[in-house]
2 protein chains.
Amino acid sequence: MKNLPTNIRIKDIARLAGVSEGTVDRVLHNRGEVSKRSKEAVSNVLDQIDYSPNVVAQALASKKKYRFVYLIPHNEMGNYWTAVLKGFQLAAAEYAAYNVSFNQVSFNQFDAQSYTQAIQSILQDLPDAAFIAPIFRDETLEFTRALKNSNIPFSFIDSKIDEVDFLTYYGQNSLKSGYIAAKFLLSDLQENKKIFVVRTKRNGAVSNQTLNRLHGFMQYLTENKPAWSKNIIPIELFDDDEAANLQILREATLQYPDLAAVITFNSKVYRLASYFQALNIPNLHVIGYDLLDENVRYLKQGIIALLIAQQPENQAYFSARDMCRFLIFNKKITKVNYMPIDILIKENIDDYQHFL
Amino acid sequence: MKNLPTNIRIKDIARLAGVSEGTVDRVLHNRGEVSKRSKEAVSNVLDQIDYSPNVVAQALASKKKYRFVYLIPHNEMGNYWTAVLKGFQLAAAEYAAYNVSFNQVSFNQFDAQSYTQAIQSILQDLPDAAFIAPIFRDETLEFTRALKNSNIPFSFIDSKIDEVDFLTYYGQNSLKSGYIAAKFLLSDLQENKKIFVVRTKRNGAVSNQTLNRLHGFMQYLTENKPAWSKNIIPIELFDDDEAANLQILREATLQYPDLAAVITFNSKVYRLASYFQALNIPNLHVIGYDLLDENVRYLKQGIIALLIAQQPENQAYFSARDMCRFLIFNKKITKVNYMPIDILIKENIDDYQHFL
DNA sequence: TTAATTTCCGTGTACGCACACAGAAAGTTT
DNA sequence: AAACTTTCTGTGTGCGTACACGGAAATTAA
């Protein structure tokens, strides 16, 4: 592991190659106007030494401004996307010195048309890079095609579409996270106890993420505890009718007095928690996703037993950081990055931070 | 959230205050030779606008070289400290452009004298900052006193000593991590099954970290499952006698045929795993700490059931990063940073990375 | 009032790189 | 061989800050 001081400058290369700094610069940036003779002289030197430009000086000298845009669902106070937003803001602060500016464009995640509109506004004023939460598949395909045509790099966060050539993806392996949820849920449960699997529909749409988690959950079940399948009770709730939901659950708990656990595969477990707090069922394990403030509150109270987290701030931050490393610093980056599947319980929630 | 372009330069302040750039510079850096009149003029402008220096230009102009040194135990191939080392190396690459160079000083973690020696060598050639894994308490106290005298900031990693004024600490809450280990271990265990708690002594020394984890473990037990206490079987192994260890465990397993779980509180679970692989006990839960390659291998094989991790690379990296933010960028930083208590099982180990 | 100090302040240069521009060298046409 | 192109290359300037230096202004001494 060489710790070479990297104090080789363009000036040094010029001297070694017997040409001027300007010529070295032209060779380095491949912008022609160099005789074959000079080019070879410089190349030879470059082959022998290990030159890496001083990024600080580069940033200072370069007038190039980078405009990044991130396309995410509206971040209503405290929902999942608030965390994503925060990650981007942190990256913005970090890379402001490198002439990078960030712009948010958001949409209604339950309305494809608002997504299309958001895309249009981005295409109107082409940025230098884009970060996309590809909630709507077909629209995203079209969008990325347009970006491709304009040679604009883009990254996916949260979920991805494999068919297109994105720069990076940060997100969780949803199937596996459902699988793990099942493992933890079933590990300390007595057999023959009932499990509610709660789904909430809105505009008839269920997100891919949510669906995959459910599949992972069921996969664990069939692979490891096939006998338990009969104990899984699917429950459907409304997105916007608290009273009706409470009634549905009240009836269900009466029908299944041997209820031991409840799981939902989206981030709104706190609503379940509030229902069950009202219904007051002892020793009930409520499990869900993501560290919304409300969820964490119920976790600490012991009403939610376990949360699976995926570091949304870091997804956004790393995504932005990698784009900078790619565009500005010419570094190699990893394309697909699965976030750790973090298991949070009352006892380790306090130490959970994202350290940005 | 203002996204102001921060394009206010010293030159602008000078113009607004009706003085020269040099004067503004003198005021900003508080280095005197400025009349009261001028100083006030500049201060007034500074109060009204929101100036933050261009860190890139600062780094380029500043000839100040920062020499950082990190003091950690020898990183024998693949042990815990290899990961810490890696974190520092990544930080070194990241901050090389800011004239920061890193130097490693290491010692034998089972030999206090080697620690003292290492300290001496550091004090001989004072660095600009130090990172310390304070394995030996008294020696560390003396060391930090010397650093304090020379106005050299330092940070702790892995463990900390509260009495001294360190800059940051990154590490795990060991007590709590033992507590959580107990919770997971006992959740899916049948009552009346035996649990081996394995300790390994070396030179008669047991690390604080390890001890605290054990305490946390026992705390959970007495708080939540007091009846289980009688099932805890303490086992003592040798640090360097594989054959004897195997024999001890062979006898113990014969004596306790209803053995269900084994836990150790240091990172060398892989040795336990290999013993029990040899002894071939079905349905045994082996639990331990840290993601050494060997540990991960056994985890994937299903021989180790659960590992508790603490992101040592990130501890080192963040520690170094914070020092830079403090010394170079004048940013606010958080003093005590507990690392998340990561729960790793076969199913989520593949997605576990540190993203640096 | 002038000379000698001391205090104060503006200008200039450097950091390493990007990029413009003028002018040298080489090649082409008459 | 002169005039004209085209190709090539060195120098110079700017990015925003740090810091040195020389000299102006203010203060004190003569």
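Here is the naming used below: chain letters follow the sequence lines, and residue numbers restart at 1 for every chain.
Straight-line distance from the NZ atom of Lys11(A) to the C1' atom of dC15(C): 9 Å, rounded to whole Å. Whole-Å rounding puts the Asn99(A) CG to dC17(C) P distance at 17 Å. Remark: P of dC8(D) and CG of Asp25(A) are 16 Å apart, rounded to the nearest angstrom. When the P atom of dC17(C) is taken as reference, atom CZ of Arg15(A) falls 13 Å away, rounded to whole Å. The CG-C1' distance, from Asn7(B) to dC15(D), rounds to 13 Å in whole Å. Residue Ile328(B) contributes atom CD1, which lies 17 Å from atom P of dT17(D) at whole-angstrom precision. Spacing between atom CG of Leu28(B) and atom P of dA18(D) amounts to 8 Å, rounded to whole angstrom units. Atoms CG (Asn30(A)) and P (dC19(C)) sit 14 Å apart, rounded to a whole Å.
The number of heavy atoms from other shown groups lying within 6.0 Å of NZ (Lys335(A)) is above 12.
Applying the 4.0 Å criterion to OP1 and OP2 of dA18(C), one finds that Gln58(A) has a side-chain N or O inside that range. Under 4.0 angstrom from either OP1 or OP2 of dC17(C) there lies at least one side-chain N or O belonging to Tyr51(A). At the phosphate of dC19(D), OP1 or OP2 sits under 4.0 Å from a side-chain N or O atom of Arg31(B). The side chain of His29(B) contributes no N or O atom lying less than 4.0 Å from OP1 or OP2 of dC19(D). Residue Tyr98(A) places none of its side-chain N or O atoms closer than 4.0 Å to OP1 or OP2 of dC15(D).
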Trace of the side-chain hydrogen bond (donor to acceptor under 3.5 Å, both in side chains) decision for Gln315(B) with Asn337(B):
CA-CA 9 Å; Gln315(B) 287 184 33; Asn337(B) 307 79; over 6 Å; no
Report the C-alpha separation of Gln172(A) and Asp158(A) in whole Å, then their side-chain angles, then the decisive distance to 0.1 Å, and conclude whether the side-chain hydrogen bond (donor to acceptor under 3.5 Å, both in side chains) test is met.
CA-CA 7 Å; Gln172(A) 199 169 60; Asp158(A) 195 58; over 6 Å; no
Quick one: do Phe156(B) and Tyr169(B) satisfy ring pair (Phe, Tyr, Trp, His ring centres under 6.0 Å)? Show the steps, please.
CA-CA 5 Å; Phe156(B) 287 136; Tyr169(B) 161 70; 7.6 Å; no
Applying ring pair (Phe, Tyr, Trp, His ring centres under 6.0 Å) to Phe68(A) and Phe102(A), what does each step give before you reach the verdict?
CA-CA 5 Å; Phe68(A) 290 1; Phe102(A) 285 74; 5.3 Å; yes
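With dC19(D), dT17(D), dC17(C) as the candidates, the nucleotide lying closest to the side chain of Ile10(A) is dC17(C).
Of the possible polar contacts, none joining the Ser106(B) side chain to the His74(B) backbone as a donor-acceptor pair under 3.5 Å is found.
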What does the B/S/- profile of nucleotides 9-14 of chain D look like, 5' to 3', with a 4.0 Å heavy-atom cutoff to protein?
BBB--B
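Residue Asn54(B) is classed as a sugar-phosphate contact, given heavy-atom separations below 4.0 Å to backbone atoms only.
In this model, a donor atom of one side chain and an acceptor atom of the other lie less than 3.5 Å apart for Asp322(B) and Tyr170(B).
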